[in-house]
Engineer: 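Take this structure, written in structure tokens, and hold onto it; I'll ask about it next.
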Amino acid sequence: MAALTETVRPLDADLLRRHDVAGPRYTSYPTADRFVEAYQPPQHLQALAQRGAAQPLSVYVHVPFCEQLCYYCACNKVITKHHERAQPYLDQLEVEMDLVAGALGGHAPVSQLHLGGGSPTFLSDAELGSLMAALRRRFRLLSGAELSIELDPRTVDAARLAHLKSLGFNRLSFGVQDFDAAVQKAVHRVQPFESVAALMLAARGLGFTSLSVDLIYGLPAQTTQSFARTIAQVAGLRPDRIAMYAYAHLPQRFKPQRRIVAELLPPAGDKLAMLSGAISALLGEGYAYIGMDHFALPDDPLAIAKRQGLLHRNFQGYSTQPDCDLIGLGVSAISRVGATYAQNAKTLEEYEDALHQRQLPVQRGLALTRDDLLRRAVIMALMCQGRVEFESIAASYLVDVPAYFAPELERLAQLAGQGLVVLEPAAIQVTPLGWYFVRAIAMVFDRYLQADVSRERFSKII
């Protein structure tokens with residue numbers, strides 16, 4: 001694994017431009033756009049029953065509500081100032097928990113819990129407490145479990161942070177995106193640096209294990225100079241982790257983005273400069289690059305797992321948790337159970353209607369083929385360990401790896417010529433430079449993507 005710790009040479013602008021193409025983030029393989037409506041609640045119930053409750057789970061709960069619309073947002077959300085809408089949704093979440101827990105056949109242990117959205121902090125303190133109590137009644141949250149929640153800094157104060165700590169949360173994710181006032185106005189999300197800084201200071205004082213910050217580059221009114229200032233401000237706050245995503249402007253798919261003035265979007269060259277400058281700045285501030293736009297301080301468990309080759313990846317992104325099944329609860333949430341994926345209804349009405357009938361709200365999914373499982377193993381090895389050992393793949397899936405993936409290895413040779421991978425006789429090794437383009441490397445093994453002419457459904461790599 002020594003190659004992964006080498007110093008990477010400065011990112012070449014031409015290389016960044018060459019790989020500025022649309023592609024999946026591979027929180028799953030096959031990706032969610034390949035799910036089919038033929039996969040319905042009976043199949044999911046069967047997968048849950050076959051799995052049982054013995055092994056630890058990861059659980060994700062989707063809370064769709066937000067008070068205000070952020071123009072860049074592509075999440076599944078419900079914009080409302082009527083907080084009374086939350087309780088009926090929480091009631092239906094409990095019905096879904098009952099159905100899932102019953103199918104599992106026991107009080108399943110949970111090693112990772114994440115509340116996302118939307119804005120989970122749309123819920124009141126009492127509602128958050130009720131939700132956590134409901135989860136604990138159906139699942140067994142293990143000692144030392146990772147309990148995280150996404151925060152809209154505009155909806156919390158120090159007292160709310162203390163309440164979250166009392167509920168057992170140990171990790172907080174702050175949705176920042178950008179600190180520049182002009183950018184915040186352009187995307188309809190105004191939150192001064194000083195307020196976020198005060199919240200992070202309060203969270204440190206309360207003893208939260210990990211604080212992370214989400215950023216987006218390529219937003220309207222952003223410049224290379226303004227984003228560099230945001231990066232410097234964030235680095236000064238020393239969050240344990242930083243996630244830095246490229247903005248994908250797809251107004252034809254995401255209605256809120258139609259409010260963005262396209263003329264204010266930075267040109268492609270500036271966007272590349274933002275990425276390159278941010279990477280250099282964060283590395284200079286002592287952050288380790290984890291992969292897929294994620295950074296962590298060297299003593300963070302994520303950075304340690306990266307160095308030790310122990311990273312994992314699920315629908316929440318990179319994780320230190322051992323590879324395990326994921327139960328998704330709530331509207332649009334996705335579950336991974338064994339060799340299956342299942343996604344809930346995407347609208348609140350369809351989700352709640354199914355649960356009123358005491359049926360799982362699964363609307364589509366996928367039972368993976370042998371080829372899917374094989375390619376998932378290869379893609380996740382690339383995304384997480386940066387290395388694929390042919391012998392281990394051959395032993396698990398009984399294939400001659402060089403023969404099975406001959407076309408893919410031929411395409412990888414081009415990336416090897418660019419210094420992104422090393423093709424060894426019995427392995428594929430991602431280089432330190434290649435970590436910045438690991439999506440492009442993984443895409444080579446995506447059978448669906450290689451056969452698909454249109455990639456507009458995905459964000460760009462850069």
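One is the number of the first residue; the rest follow in order along the sequence.
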Engineer: Side chains of E150 and H114: is there a donor and an acceptor less than 3.5 Å apart?
Structural biologist: yes
Engineer: Let me confirm one number: the CG-CG distance from L326 to L57, rounded to the nearest 0.5 Å.
Structural biologist: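 Going from CG on L326 over to CG on L57, the span is 8.5 Å.
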Engineer: Would a distance-only check, ignoring hydrogens and angles, find a side-chain to backbone donor-acceptor pair under 3.5 Å from Q46 to P42?
Structural biologist: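 Pair absent, no side-chain N/O of Q46 close to backbone of P42.
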Engineer: When you check the side-chain N and O atoms of T369 and D371, is any donor under 3.5 Å from an acceptor?
Structural biologist: no
Engineer: Backbone N or O of F445 within a donor-acceptor pair of the R375 side chain at under 3.5 Å?
Structural biologist: yes
Engineer: Look up atom SG in C384 and atom CD1 in I290, then write down how far apart they are to the nearest 0.5 Å.
Structural biologist: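 Rounded to the nearest 0.5 Å, the SG-CD1 separation comes out at 11.5 Å.
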Engineer: Mind checking what makes salt bridge (Lys or Arg N to Asp or Glu O under 4.0 Å) contact with R259, not counting sequence neighbours?
Structural biologist: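 So R259 forms no salt bridge (Lys or Arg N to Asp or Glu O under 4.0 Å) with any residue.
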Engineer: Would you please test N314 and Q321 for side-chain hydrogen bond (donor to acceptor under 3.5 Å, both in side chains) and show each step?
Structural biologist: CA-CA 10 Å; N314 58 28; Q321 298 295 309; over 6 Å; no
Engineer: Is the backbone N or O of G386 less than 3.5 Å from a side-chain atom of Q429, with the two atoms forming a donor-acceptor pair by type?
Structural biologist: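 Yes, because the side chain of Q429 sits within donor-acceptor range (under 3.5 Å) of the backbone of G386.
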Engineer: Do I327 and V110 make a side-chain contact, defined as non-hydrogen atoms from C-beta onward lying under 4.5 Å apart?
Structural biologist: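 Not touching, per the 4.5 Å side-chain cut-off.
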Engineer: Is a donor on one side and an acceptor on the other found under 3.5 Å between the side chain of Q363 and the backbone of Q343?
Structural biologist: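 Judged by distance alone, no pair lies under 3.5 Å.
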Engineer: How many angstroms lie between OG1 in T31 and CG in D446, if you round to the nearest 0.5 Å?
Structural biologist: 6.0 Å
Engineer: Do V187 and C70 make a side-chain contact, defined as non-hydrogen atoms from C-beta onward lying under 4.5 Å apart?
Structural biologist: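 Side chain of V187 against side chain of C70, heavy atoms only: no contact under 4.5 Å found.
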Engineer: Looking at A262 and H249, what are the two nearest heavy atoms and their distance?
Structural biologist: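 Between these two residues, the closest heavy atoms are CB-NE2, 4.5 Å.
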Engineer: Does E352 have any side-chain contact (heavy atoms from CB on, under 4.5 Å) partners at least two apart in sequence or in another chain, and if so, which?
Structural biologist: Y89, Q92, L348, H356
Engineer: So which heavy atom on P361 is nearest to which on L355, and how close?
Structural biologist: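 Looking at all heavy atoms of both residues, the shortest contact is CD-CD2, 3.9 Å.
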Engineer: Quiz question: by atom type and distance under 3.5 Å, do the side chains of D372 and Y448 form a donor-acceptor pair?
Structural biologist: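 Distance-only check passes for D372 and Y448.
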Engineer: Less than 4.5 Å apart, side chain to side chain, heavy atoms only: is that true for M200 and V213?
Structural biologist: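 Of all side-chain heavy-atom pairs linking V213 with M200, at least one is under 4.5 Å.
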Engineer: Compare every heavy atom of E285 with every heavy atom of A235, then report the nearest pair and how far apart it is.
Structural biologist: CB-CG, 3.7 Å
Engineer: Report yes if the side chains of R25 and R439 come closer than 4.5 Å at any heavy-atom pair, otherwise no.
Structural biologist: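 With C-beta onward as the side chain, the pair touches.
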Engineer: Judged by atom type as modelled, is there a donor-acceptor pair below 3.5 Å linking the side chain of H44 to the main-chain atoms of S335?
Structural biologist: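 No; judged by distance alone, with no hydrogens or angles, the pair does not exist.
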Engineer: Which heavy atom in M443 sits nearest to a heavy atom in P24, and how many Å separate them?
Structural biologist: CG-CD, 4.0 Å
Engineer: Would you say the side chains of Q177 and Y247 form a donor-acceptor pair under 3.5 Å?
Structural biologist: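 No.
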Engineer: Which pair of non-hydrogen atoms, one from R258 and one from Q252, has the smallest distance, and what is that distance?
Structural biologist: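 Smallest interatomic distance, heavy atoms only, reads NH2-O, 3.8 Å.
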Engineer: Give a yes or no on whether the backbone of A145 and the side-chain of N170 come within a donor-acceptor separation of less than 3.5 Å.
Structural biologist: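 Answer holds: yes.
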Engineer: Closer than 3.5 angstrom, by distance alone: can the side chain of K271 be matched with the main-chain N or O of A246 as a donor-acceptor pair?
Structural biologist: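 No, the answer is negative, given that no donor and acceptor are paired below the 3.5 Å cut-off.
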Engineer: side-chain contact (heavy atoms from CB on, under 4.5 Å) between L215 and D178: does it pass, once the steps are laid out?
Structural biologist: CA-CA 6 Å; L215 300 174; D178 195 293; over 6 Å; no
Engineer: Begin from the C-alpha positions of T209 and E146 and carry the test side-chain contact (heavy atoms from CB on, under 4.5 Å) through to its verdict.
Structural biologist: CA-CA 9 Å; T209 304; E146 181 180 297; over 6 Å; no
Engineer: Any salt bridge linking D152 with R189? Criterion: basic side-chain nitrogen under 4.0 Å from a carboxylate oxygen.
Structural biologist: yes
Engineer: So which heavy atom on Y287 is nearest to which on L283, and how close?
Structural biologist: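 Where Y287 meets L283 most closely, the heavy atoms are O-CD2, 3.3 Å.
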Engineer: Is there a side-chain contact between F169 and L115, using heavy atoms and a 4.5 Å cut-off?
Structural biologist: yes
Engineer: I want to check something: taking the side chain as every heavy atom from C-beta on, are P30 and Y341 in contact at a cut-off of under 4.5 Å?
Structural biologist: yes
Engineer: Find out whether W435 and Y289 are in side-chain contact, i.e. whether some heavy atom of one side chain is under 4.5 Å from a heavy atom of the other.
Structural biologist: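 W435 vs Y289: side chains touch.
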Engineer: Apply side-chain contact (heavy atoms from CB on, under 4.5 Å) to the pair F227 and M244, showing each step before the final yes or no.
Structural biologist: CA-CA 11 Å; F227 194 62; M244 188 177 68; 3.9 Å; yes
Engineer: Side chains of L164 and F208: does their closest heavy-atom pair fall under 4.5 Å?
Structural biologist: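 Yes, side chains in contact.
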Engineer: Only one of D299, D214, D300 forms a salt bridge (Lys or Arg N to Asp or Glu O under 4.0 Å) with R241, so which one is it?
Structural biologist: D300
Engineer: Can you measure from OH (Y245) to CG (L275) and round to the nearest 0.5 angstrom?
Structural biologist: 14.0 Å
Engineer: To the nearest 0.5 Å, tell me how far M274 CE sits from I231 CD1.
Structural biologist: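 The distance works out to 10.5 Å.
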Engineer: I'd like to know whether T230 forms a side-chain contact (heavy atoms from CB on, under 4.5 Å) with F179, so could you lay out the CA-CA distance, the side-chain angles of the two residues, the decisive distance to 0.1 Å, and finally the verdict.
Structural biologist: CA-CA 5 Å; T230 288; F179 279 129; 3.8 Å; yes
Engineer: Determine, for R387 against E424, whether the closest basic-nitrogen to carboxylate-oxygen distance falls under 4.0 angstrom.
Structural biologist: yes
Engineer: Does atom CD of Q55 have more than 12 heavy-atom neighbours, drawn from other residues, nucleotides or ligands, at distances under 6.0 Å?
Structural biologist: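 Atom CD in Q55 is not crowded, with 12 or fewer foreign heavy atoms closer than 6.0 Å.
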Engineer: Treating D325 as the side-chain partner and G338 as the backbone partner, does any N or O pair qualify as donor plus acceptor under 3.5 Å?
Structural biologist: yes
Engineer: Quick check with a 6.0 Å cut-off and a 45 degree axis cone: is R313 positioned over the face of Y318's six-membered ring?
Structural biologist: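 The answer is yes, since R313 meets both limits relative to Y318.
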Engineer: Give a yes or no answer on whether the side chain of Q40 reaches the backbone of E37 with a donor-acceptor pair at less than 3.5 Å.
Structural biologist: yes
Engineer: Could you tell me whether the side chain of Q257 and the main chain of A248 form a donor-acceptor pair under 3.5 Å?
Structural biologist: yes
Engineer: With rounding to the nearest 0.5 angstrom, report the CZ to CG distance, F295 to L302.
Structural biologist: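 Atom-to-atom, F295:CZ and L302:CG are 12.0 Å apart.
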